[in-house]
Amino acid sequence: MTRPTIAITMGDPAGIGPEVIMKALAQPQVRAICNALVIGDSNRLRKAGQIVGVPLEVDALSDAKQANFASKAVQCVDLKLVPDDLPFGKVSATAGEAAYRYIEKAVQVVQAGLAQGICTAPLSKEALHAAGHKYPGHTELLAHLTGTPEVSMMLVSPKLRVIHVTTHIGLLDAIEKIEPGLVERVIARGHDVLVRAGVANPKIGVCAINPHAGENGLFGRGEEAAKIAPAVEACQRKGWDVHGPLPADTLFFLAGRGDYDMVVAMYHDQGHGPIKVLGLEAGVNITVGLPVIRTSVDHGTAFDIAGKGIADERSLIEALRQAVDLAPKKAA
């Protein structure tokens with residue numbers, strides 16, 4: 001099989017994205033598994049390389065078709081959006097606009113068949129909004145750019161996979177939004193991505209909303225019976241190994257020791273908390289349901305350390321591995 005080409009978006013150029021990209025692409029194991037095509041700014045990558053002490057050259061490309069993956073130099077589709085004097089570690093509309101354009105270009109590259117997946121470095125929601133792009137984050141932005149009506153966020157660590165029914169909305173709004181059809185669709189998307197990743201019959205645990213899964217009506221207002229149980233039953237009728245609604249605290253413990261292949265979380269912090277406790281350096285964010293493969297680091301722009309050369313590249317390396325695993329395979 002040929003190595004897939006993965007389009008790596010540079011993220012917010014004022015954050016740690018350029019640094020972790022240069023550190024990751026200096027690792028031989030990364031070059032061994034994929035053809036890395038950065039969508040960003042070549043001068044920013046060169047500056048980041050100097051900051052982190054990575055002596056890689058960067059080829060500035062005007063078109064993805066020009067990429068030479070036999071070269072040792074980093075291949076970068078250069079959009080020339082970042083001024084030389086843009087400071088690291090500060091929110092700006094200029095950086096937010098650049099981050100948006102990198103994602104937009106990456107989608108175009110994949111849709112043209114020039115890459116088989118997208119791996120994103122972090123962007124700043126504040127900078128994105130300052131540039132006039134009112135999206136909660138990468139997930140919603142990619143859904144818009146690909147014309148996808150509904151997607152799900154999955155977080156993956158070495159010990160845990162979590163897919164979310166709701167993400168970037170308030171808790172009261174999340175509970176109102178949860179309904180059996182949505183829960184069933186999220187379970188189905190997670191089931192599909194696990195099967196494609198080689199898990200033949202994944203065991204899936206579905207979180208409750210209330211403590212103790214409502215304790216038969218003692219806690220909450222019957223949300224488990226009305227909003228979650230019908231979706232679980234519908235999936236079980238398909239022959240899938242789906243269990244729930246289960247108390248979230250117990251379910252995450254069981255999944256962490258390997259009893260479940262995936263957990264379905266009902267809202268943002270219910271799923272993010274356990275993943276982040278296990279370690280940001282190994283976490284990966286996967287957008288499930290898009291027509292393109294998209295993985296991401298599970299950390300932010302880290303403006304407090306941007307430009308200091310100390311950012312940890314391990315999450316990006318793991319995100320690239322996940323993108324390679326999920327990318328469409330082509331015969332050599």
Side-chain angles (χ1 to χ4, degrees), residues 7-22 37-52 58 60-64 74 76-111 118-148 151 153 167-170 268 280 285 287 290 292 294-311 313 315-316 319:
I8 307 172
T9 58
M10 203 172 71
D12 190 302
I16 62 172
E19 295 169 74
V20 296
I21 287 172
M22 292 300 286
L37 179 67
V38 181
I39 312 296
D41 184 281
S42 61
N43 284 335
R44 197 65 166 183
L45 289 176
R46 293 187 187 100
K47 181 178 290 187
Q50 293 170 357
I51 290 171
V52 300
V58 179
L61 314 175
S62 59
D63 192 290
V74 173
C76 174
V77 177
D78 190 355
L79 300 192
K80 303 183 186 299
L81 296 172
V82 183
D84 288 339
D85 60 354
L86 182 80
F88 282 98
K90 293 186 178 180
V91 174
S92 74
T94 298
E97 179 66 24
Y100 176 86
R101 295 301 169 190
Y102 301 153
I103 293 291
E104 182 181 54
K105 185 65 174 180
V107 169
Q108 295 169 358
V109 167
V110 172
Q111 290 176 335
I118 297 172
C119 182
T120 59
L123 53 70
S124 162
K125 297 178 180 65
E126 186 178 354
L128 191 67
H129 289 192
H133 303 293
K134 306 296 185 179
Y135 299 95
H138 270 121
T139 301
E140 296 81 2
L141 173 53
L142 282 159
H144 167 74
L145 290 173
T146 58
T148 306
V151 296
M153 177 188 291
T167 49
H168 296 119
I169 57 176
H268 184 282
L280 285 174
N285 184 330
T287 305
L290 292 171
V292 299
R294 181 260 174 166
T295 67
S296 176
V297 295
D298 188 33
H299 59 69
T301 51
F303 283 148
D304 57 324
I305 63 169
K308 297 180 180 179
I310 59 175
E313 74 277 16
S315 183
L316 180 61

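Atom set for the values below is all heavy atoms of this structure, side chains included, hydrogens, waters and symmetry mates excluded.
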Pairwise side-chain contact, His133 with Leu141, heavy-atom cut-off 4.5 Å (strictly under): no

Full working for side chain to side chain contact (heavy atoms under 4.5 Å, CB included) between Cys119 and Thr9: CA-CA 6 Å; Cys119 182; Thr9 58; over 6 Å; no

Side-chain heavy-atom pair Glu313, Ile21 within 4.5 angstrom cut-off: no

Sole residue of Asn285, Thr287, Thr120 in side chain to side chain donor-acceptor pair (under 3.5 Å) with Ser296: Thr120

Flag, side chain of Lys125 to backbone of Gly137, donor-acceptor distance under 3.5 Å: no

Nearest-0.5 Å distance that lies between atom CG in Leu81 and atom CG in Asn43: 12.0 Å

Heavy-atom side-chain contact between Met22 and Val58 under 4.5 Å: yes

Contact check, side chains of Leu123 and Tyr100, non-hydrogen atoms, under 4.5 Å: no

Ring geometry between Tyr135 and His144 (parallel below 30°, tilted from 30 to 60°, perpendicular above 60°): tilted

Flag side-chain contact, heavy atom, 4.5 Å: Val38 against Leu45: yes

Set of side-chain hydrogen bond (donor to acceptor under 3.5 Å, both in side chains) partners for Thr139, sequence neighbours left out: none

Contact check, side chains of Val91 and Asp12, non-hydrogen atoms, under 4.5 Å: no

Verdict with reasoning, Val77 to Leu37, per side chain to side chain contact (heavy atoms under 4.5 Å, CB included): CA-CA 7 Å; Val77 177; Leu37 179 67; 3.9 Å; yes

Backbone of Gly307 reached by a side-chain donor or acceptor of Glu19 within 3.5 Å: yes

Note, Phe88 side chain near Lys47 side chain (heavy atom, < 4.5 Å): yes

Nearest heavy-atom neighbours spanning Glu140 and Thr167: OE2-OG1, 3.9 Å

Derivation of the side chain to side chain contact (heavy atoms under 4.5 Å, CB included) call for Leu145 and Ile103: CA-CA 9 Å; Leu145 290 173; Ile103 293 291; 3.5 Å; yes

Lys90 side-chain N/O to Leu86 backbone N/O, donor-acceptor pair under 3.5 Å: no

Pairing residues for Thr148 by the side-chain hydrogen bond (donor to acceptor under 3.5 Å, both in side chains) criterion, not counting sequence neighbours: Thr146

Other residues, nucleotides, ligands: >12 heavy atoms within 6.0 Å of Glu126 CD: no

Pairwise side-chain contact, Val110 with Ile118, heavy-atom cut-off 4.5 Å (strictly under): yes

Closest contact, heavy atoms only, Ala121 versus Gly17: CB-CA, 3.8 Å

Pair Ile305-Ile16, side chain to side chain contact (heavy atoms under 4.5 Å, CB included): steps then yes or no: CA-CA 7 Å; Ile305 63 169; Ile16 62 172; 4.0 Å; yes

Backbone N/O of Ala319 and side chain of Thr295: donor-acceptor pair under 3.5 Å: yes

Flag, side chain of Arg44 to backbone of Pro13, donor-acceptor distance under 3.5 Å: yes

